[in-house]
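Note sheet for the following structure.
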Amino acid sequence: MMMSNSTRDGLSFGEFLLALGRYWYIWVVTAGIATAGAFFWAQRTTVPTYSASSTVMIYHPNNDPNQRNADIWAMASYRKIAKTTPIVAPVQTELAKNKAYQGDQNSLVAGISTSVAQNTLNLKLNAQGSSPKLAAQTANLLAKSLQQRLPQLVPNSGTVQIIEQATTKRATLLNGGRVQKLTLGGLLFGLYLGVLATFIYTVWRR
């Protein structure tokens, strides 16, 4: 049997559109409730994560090109060392003195990343925190720990100089879009439920 442009129970598409206009409050209220619920849930479950970075230069203070090339090759090893226990443990100890800090050494290491620009001796240390202040503090403590302890771990590493410290103003929010995405999802889901409720209500009244 061929089907017309009406639904199985006799409600045509045009009649349904009229019903959406007539019972607009159903889908508007439903969408509003779902959107508000998604927003407040996202606010309660989203822990803000900020990132800040400091930079150290690791070099030998001479003009020997062979030594510079050796220092450049060594940067890959220094990147790994920056996340090891001898470097990170003192940072964790200092952060634990801050009541706003709730992490442990594992979460601290997980929030650390490093990078080196090609053919440079600059090691960029990225650290995360639940606030711009904590993120900057972590990055600066990491740079300081590396400056103090790398020469002990690698005696021929040369000079470790902090050339850029992290600041709260330069800290960036990493997961700021989560609340907006969840709120939008709540709006779309609410509109879907509202339209469905309008359809059911209209059919029930016929």
Side-chain angles (χ1 to χ4, degrees), residues 42-43 45-182:
Q43 288 276 46
T45 59
T46 301
V47 177
T49 302
Y50 292 85
S51 176
S53 62
S54 59
T55 305
V56 298
M57 177 184 285
I58 307 172
Y59 66 101
H60 286 82
N62 58 50
N63 296 321
D64 184 355
N66 293 326
Q67 182 63 65
R68 176 178 172 81
N69 289 334
D71 289 341
I72 290 175
W73 278 104
M75 296 303 292
S77 297
Y78 299 154
R79 289 185 60 186
K80 297 178 181 179
I81 292 174
K83 299 182 66 173
T84 60
T85 298
I87 302 298
V88 177
V91 178
Q92 172 66 24
T93 300
E94 287 299 316
L95 289 174
K97 298 176 183 178
N98 189 335
K99 294 181 179 180
Y101 179 72
Q102 301 294 328
D104 55 22
Q105 189 164 316
N106 290 332
S107 62
L108 175 60
V109 172
I112 295 174
S113 62
T114 61
S115 62
V116 178
Q118 188 174 8
N119 295 325
T120 72
L121 302 174
N122 297 338
L123 175 58
K124 188 174 184 179
L125 306 168
N126 302 296
Q128 296 180 8
S130 58
S131 70
K133 183 177 180 180
L134 271 177
Q137 180 185 11
T138 303
N140 289 331
L141 286 172
L142 185 63
K144 183 178 179 181
S145 180
L146 190 66
Q147 182 185 45
Q148 294 176 343
R149 293 169 178 83
L150 182 62
Q152 301 171 9
L153 298 173
V154 186
N156 195 34
S157 58
T159 300
V160 182
Q161 179 182 354
I162 300 175
I163 62 174
E164 184 180 31
Q165 289 194 329
T167 64
T168 56
K169 291 183 178 180
R170 292 202 306 270
T172 58
L173 181 61
L174 298 179
N175 58 346
R178 184 175 185 270
V179 174
Q180 290 87 335
K181 291 178 181 178
L182 290 175

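Because the structure is a prediction, the values reported are computed rather than measured.
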Review point. Can you find a heavy atom in the side chain of Tyr78 that is under 4.5 Å from one in the side chain of Ser157?
Key: yes
Practice item. Specify the closest pair of heavy atoms between Ala135 and Gly129, including all atoms of both residues, with the distance to one decimal. Key: CB-N, 3.8 Å
Point to revise | side chain to side chain donor-acceptor pair (under 3.5 Å) partners of Thr114, counting only residues at least two apart | key: Arg79
Study note, to complete from the structure: In short, Ala52 meets Ala166 closest at the heavy-atom pair CB-CB, 4.0 Å
Point to revise | side-chain contact (heavy atoms from CB on, under 4.5 Å) partners of Leu153, counting only residues at least two apart | key: Ile81, Pro86, Ile87
Review point. Taking only residues two or more places apart in sequence, or in another chain, which ones meet Pro155 in a side-chain contact (heavy atoms from CB on, under 4.5 Å)?
Key: none
Revision key, fill the gap. Per side chain to side chain contact (heavy atoms under 4.5 Å, CB included), Val88 is matched among Thr138, Leu141, Leu108 by Leu108
Check your understanding: Is there side-chain contact between Val91 and Lys144, with at least one heavy-atom pair below 4.5 Å?
Key -> no
Review point. Do any N or O atoms from the side chain of Thr84 and from the backbone of Lys80 form a donor-acceptor pair under 3.5 angstrom?
Key: no
Practice item. Answer whether the closest heavy-atom distance between the side chains of Val56 and Gln147 falls below 4.5 Å. Key: no
Review point. Any side-chain heavy atom of Leu146 within less than 4.5 Å of one from Arg149?
Key: no
Point to revise | Working for side chain to side chain donor-acceptor pair (under 3.5 Å), residues Tyr59 and Gln67 | key: CA-CA 9 Å; Tyr59 66 101; Gln67 182 63 65; over 6 Å; no
Review point. Can you tell me if Asn140 uses its side chain to pair, donor with acceptor, with the backbone of Gln165 under 3.5 Å?
Key: no
Check your understanding: How long is the gap from CG on Leu150 to OG on Ser77, to the nearest 0.5 Å?
Key -> 10.0 Å
Review point. So do the side chains of Thr55 and Leu123 get within less than 4.5 Å of each other, counting heavy atoms only?
Key: no
Check your understanding: Which residues satisfy the side chain to side chain donor-acceptor pair (under 3.5 Å) test with Asn98, sequence neighbours excluded?
Key -> Gln137
Review point. Would Arg68 and Leu121 satisfy side chain to side chain contact (heavy atoms under 4.5 Å, CB included), going step by step from the backbone distance to the final call?
Key: CA-CA 8 Å; Arg68 176 178 172 81; Leu121 302 174; 3.6 Å; yes
Exercise for review: Taking all non-hydrogen atoms of both residues into account, name the closest pair between Ala143 and Leu125 and its distance.
Suggested key: CA-CD1, 3.6 Å
Check your understanding: Looking at residues at least two apart in the chain, or sitting in another chain, which of them share a side-chain contact (heavy atoms from CB on, under 4.5 Å) with Thr172?
Key -> Ser51, Leu174
Check your understanding: Does a sphere of radius 6.0 Å around NZ in Lys83 hold more than 12 heavy atoms from other residues, nucleotides or ligands, not counting ones at 6.0 Å or beyond?
Key -> yes
Point to revise | Residues in side-chain contact (heavy atoms from CB on, under 4.5 Å) contact with Ser131, at least two apart in sequence or another chain | key: Lys133, Leu134
**Study point:** From OG (Ser54) to NZ (Lys124), nearest 0.5 Å
**Key:** 10.0 Å
Check your understanding: Shortest non-hydrogen contact from Ser145 to Pro90?
Key -> OG-CG, 4.0 Å
Point to revise | Contact check, side chains of Ile112 and Asn126, non-hydrogen atoms, under 4.5 Å | key: no
Check your understanding: Between His60 and Asn156, is there a donor-acceptor pair closer than 3.5 Å when you use the side chain of the first and the backbone of the second?
Key -> yes
Practice item. Would you give the length of the straight line joining atom CG of Asp71 to atom CG of Asp64, rounded to the nearest 0.5 angstrom? Key: 9.5 Å
Check your understanding: With side chains defined as the heavy atoms from C-beta onward, is the minimum distance between Thr120 and Met75 less than 4.5 Å?
Key -> no
Review point. Stepwise, does the side chain to side chain donor-acceptor pair (under 3.5 Å) test hold for Gln92 with Tyr101?
Key: CA-CA 10 Å; Gln92 172 66 24; Tyr101 179 72; 2.8 Å; yes
Check your understanding: Mind checking whether Arg170 and Glu164 have side chains closer than 4.5 Å, heavy atoms only?
Key -> yes
